[in-house]
Amino acid sequence: MPRKGMRSLCFSPRTPSFSTSRQSTTSDSTASTTNRRRFSQSMIEQTIDAAATIIMKWDADTSAYAKVTSLFYESKREALQFIRSVNELQKTMHLLVSDQDSGSEKLVRAQILMQTAMKRLQKEFYQILSMNRAHLDPESVSTRSSRTSARSSTSDFDDDDEIRTAGDSISEIEEVSSMAMSDLKLIADCMIASGYAKECMHVYKIIRKSIIDEGVYKLGIEKLSSSQVNKMEWDVLDLKIKNWLEAEKISMRTLFTGERILCDQVFATSDLIKESCFTEISKEAAILLFGFPELVAKTKKSSPEKMFRVLDMYSAISEDWKEIETIFSFESTSTVRLQALDSLVRLSESVRSLLMDFESTIQKDSSKTMIPGGGLHPLTNSSMNYLTLLADYSNILTDIISDWPPPAKSTLPASFLFGPDSEDSTAPAISVRFAWLILVLLCKLDGKAKHYKDVSLSYLFLANNLQHVISRVRTSNLQYILGEEWITKHKAKVKQFTSNYEPLAWGEVFASLPDNPTAPITAGKAKDCFRKFNASFENAYWKQRSCIVPDSELREEIKASIATKLVTLYRDFYNTQISTVGDERSARLFVRFSPEDIGNYLSDLFYGTVSSGSSSTSSSVSSHHRRQMLRSPLRV
């Protein structure tokens, strides 16, 4: 009779078992008769004896040599013989059971040998996993898999000595990795076929989970609660987000990919076992990884930088979504997919909320300080910095706000949107949203312009700030979001503002000259006109000299427009009436400016002193300058 506590046996090589019981199966009577004929009692004894020879040789409990030596490292040929003997032993035990000879001494002996063999294979399995940690780490496995699939595409460069040398070195590492994986699969197949799947899985899970957990720890991924994240200073949280972005990339490219590949290869004969192993090894770490973005999305941090970190995390997960679905495709890893999806949803909600906060911040800006010289308002600068940076995430934002209802336009004029009579429902949601945010900004600036006592300055202020908006749109991804129609329409508004500015700022100068500058007039009338022109021009010049037009293109356009009209008019009057005022002495007394003088004075205008907060930034700024750009009065 079998020893007390000895397991009942399951001898079906095609049916892996997760339980510790080894249930016997019974062949039909015809198969039993045939098998009994094929395997005589003497042959059964020979099989058991042959198996006993090699199994007992490697019994660590009875052999000091076997205790300190690895079967698979010592002799691959003998290792293969060991596996074959175990497989033959299992078939023999199957026959003995089918012959209803479960209590025979042969079966008891075979069962003891099988347990000894499984104990040895379990030890070998552990040793191979432990000794090959460096060659079976997820990065090496995933890299080997990628390189194998891409090897054919690089065959054209085999003649390159440098590439060949590097390839030889890589091949050596791959050979060790491949050999280890082959040995593991050989042992796993044997143990599973012999009904010892649980022992095999236990060893595998312990070793491999420690590698995954260690990898995640080294990548800086730690378990955090929502309250812990909320209590962090933004600079600390920002560093953790940057670290997570790098960790997510490495985890998806190597850590989880490599582990899935290894599981699939070692346990290729059983889908259930590979799923069980991969799930237990990777599930906890993966949920920890993909849970962090959700915690960040829920925080109440209001730093302007948060928007871009949230978008970075959303981008990382969405770009890897296909890989997430492939690697964690098992039903038992569905919680990983759900966690990643939950984080995407939370991040998208956070983006929408931050966009609403940004709009609210603009609308609530209550500063009444007038910008000297009608220059750029800090709100314009900071808002456009923010929007141009957002435009770099246009693809991601398109996904996030595609089903977001458009903003209500009832409280603001619709003329700033896509067209004066536009109710264009076909415009992309992202275009409508960005156009709306700029509209909110322009309407706020329109209110600030009313604080200027000099109406001409209010128009110059509006022209400068709208020109800055257009310039930032044209030199960033905003141009593709808003389109040429938007740019053209708003350039026309700038033209309208400058057209309103000119008569208000220079109207008295024009009025000092007669409507028909070449018409003959008396000397007294000519002298009076020159006196009025001198006074009005000096007054206008000194007043406008403090004005600023930061944009060089707009500055030259305004000066050219004024000069074309004023210098032409004054030249005609000057050339016609200079002789009327009298001799040279009289002319010097009444005529203080030549037409060339007027042109020179006008060329000096609009270079006023620019405050540090209102200088023009006309080029698109890359994301690595984000922190500097967001250091401004606007806070979202």
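Index from 1, following the sequence.
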Quick one: does [X]'s side chain get under 4.5 Å of [Y]'s, heavy atoms only?
{"X": "Ile83", "Y": "Phe72", "result": "yes"}
{"X": "Leu295", "Y": "Arg346", "result": "no"}
{"X": "Arg109", "Y": "Asp49", "result": "yes"}
{"X": "Tyr196", "Y": "Leu121", "result": "no"}
{"X": "Trp321", "Y": "Leu341", "result": "yes"}
{"X": "Met313", "Y": "Glu294", "result": "no"}
{"X": "Met232", "Y": "Leu224", "result": "yes"}
{"X": "Ser394", "Y": "Tyr480", "result": "no"}

Is any NZ, NE, NH1 or NH2 atom of the basic residue among Arg84 and Glu88 found under 4.0 Å from an Asp or Glu carboxylate oxygen of the other? no
Salt bridge (charged side-chain N to carboxylate O under 4.0 Å, His left out) between Lys119 and Glu199, worked out: CA-CA 9 Å; Lys119 186 177 179 180; Glu199 288 78 0; over 6 Å; no
Stepwise, does the salt bridge (charged side-chain N to carboxylate O under 4.0 Å, His left out) test hold for Glu280 with Lys209? CA-CA 8 Å; Glu280 189 164 330; Lys209 191 174 190 307; over 6 Å; no
Is it the case that over 12 heavy atoms from other parts of the model lie below 6.0 angstrom from the OH atom of Tyr217? no
Under the criterion side-chain contact (heavy atoms from CB on, under 4.5 Å), which of Met191, Gln122, Gln127 is the partner of Val203? Gln122
Which heavy-atom pair separates [X] from [Y] by the least distance, and what is that distance?
{"X": "Thr47", "Y": "Leu89", "value": "CG2-N, 4.4 Å"}
{"X": "Leu397", "Y": "Leu390", "value": "CD1-O, 3.3 Å"}
{"X": "Ala286", "Y": "Val336", "value": "CB-CG1, 3.6 Å"}
{"X": "Cys277", "Y": "Lys205", "value": "CA-CE, 3.8 Å"}
{"X": "Ala247", "Y": "Ile221", "value": "CB-CD1, 3.7 Å"}
{"X": "Ser85", "Y": "Ile54", "value": "OG-CG2, 3.7 Å"}

Any luck finding a side-chain donor-acceptor pair between [X] and [Y] under 3.5 Å?
{"X": "Thr299", "Y": "Lys306", "result": "yes"}
{"X": "Thr326", "Y": "Arg260", "result": "no"}
{"X": "Glu248", "Y": "Trp244", "result": "no"}
{"X": "Glu78", "Y": "Trp58", "result": "yes"}
{"X": "Glu124", "Y": "Ser70", "result": "yes"}
{"X": "Thr269", "Y": "Lys274", "result": "no"}
{"X": "Asn477", "Y": "Tyr393", "result": "no"}

Taking Thr254 for its side chain and Ser251 for its backbone only, find out whether a donor-acceptor pair lies under 3.5 Å.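 No; judged by distance alone, with no hydrogens or angles, the pair does not exist.
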When you measure from the side chain of Ser182 to the backbone of Ser178, do you find a donor-acceptor pair of N or O atoms at a distance under 3.5 Å? no
Candidate pair Leu262 and Phe278, rule side chain to side chain contact (heavy atoms under 4.5 Å, CB included), full reasoning: CA-CA 9 Å; Leu262 188 61; Phe278 180 74; over 6 Å; no
As an exercise, state the distance from [atom1] of [X] to [atom2] of [Y], rounded to the nearest 0.5 Å.
{"X": "Leu354", "Y": "Glu349", "atom1": "CG", "atom2": "CD", "value": "12.0 Å"}
{"X": "Lys76", "Y": "Leu186", "atom1": "NZ", "atom2": "CG", "value": "8.5 Å"}
{"X": "Leu129", "Y": "Ile206", "atom1": "CG", "atom2": "CD1", "value": "10.5 Å"}

Looking at Phe328, I'd like to know if the NZ or CZ of Arg337 sits under 6.0 Å from its six-membered ring centre while staying within 45 degrees of the ring's axis.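 No.
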Could you go step by step and tell me if Thr279 and Ser332 meet the side chain to side chain donor-acceptor pair (under 3.5 Å) rule? CA-CA 7 Å; Thr279 299; Ser332 55; 2.6 Å; yes
When the ring planes of Phe308 and Tyr386 are compared, do they come out parallel, tilted or perpendicular, using 30° and 60° as the limits?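 Answer is perpendicular, since the angle exceeds 60°.
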Test of understanding: with salt bridge (Lys or Arg N to Asp or Glu O under 4.0 Å), list the residues that count as partners of Lys231, not counting sequence neighbours. none
Using side chain to side chain contact (heavy atoms under 4.5 Å, CB included), reason through Tyr126 and His202 one step at a time and then give a plain yes or no. CA-CA 10 Å; Tyr126 178 88; His202 177 71; over 6 Å; no
Could you go through Val229 and Lys298, starting from their C-alpha distance and side-chain angles, then the distance that decides it, and tell me whether this counts as side chain to side chain contact (heavy atoms under 4.5 Å, CB included)? CA-CA 9 Å; Val229 174; Lys298 290 179 179 179; over 6 Å; no
Step-by-step salt bridge (charged side-chain N to carboxylate O under 4.0 Å, His left out) determination, Arg133 to Glu214: CA-CA 12 Å; Arg133 284 178 72 101; Glu214 181 183 341; 3.0 Å; yes
Evaluate the criterion side chain to side chain contact (heavy atoms under 4.5 Å, CB included) for residue pair Phe292 and Ile241; output intermediate values, then yes/no. CA-CA 9 Å; Phe292 177 73; Ile241 295 172; 4.0 Å; yes
Could you walk me through whether Arg120 and Asp59 pass the salt bridge (charged side-chain N to carboxylate O under 4.0 Å, His left out) check? CA-CA 7 Å; Arg120 180 72 220 185; Asp59 181 9; over 6 Å; no
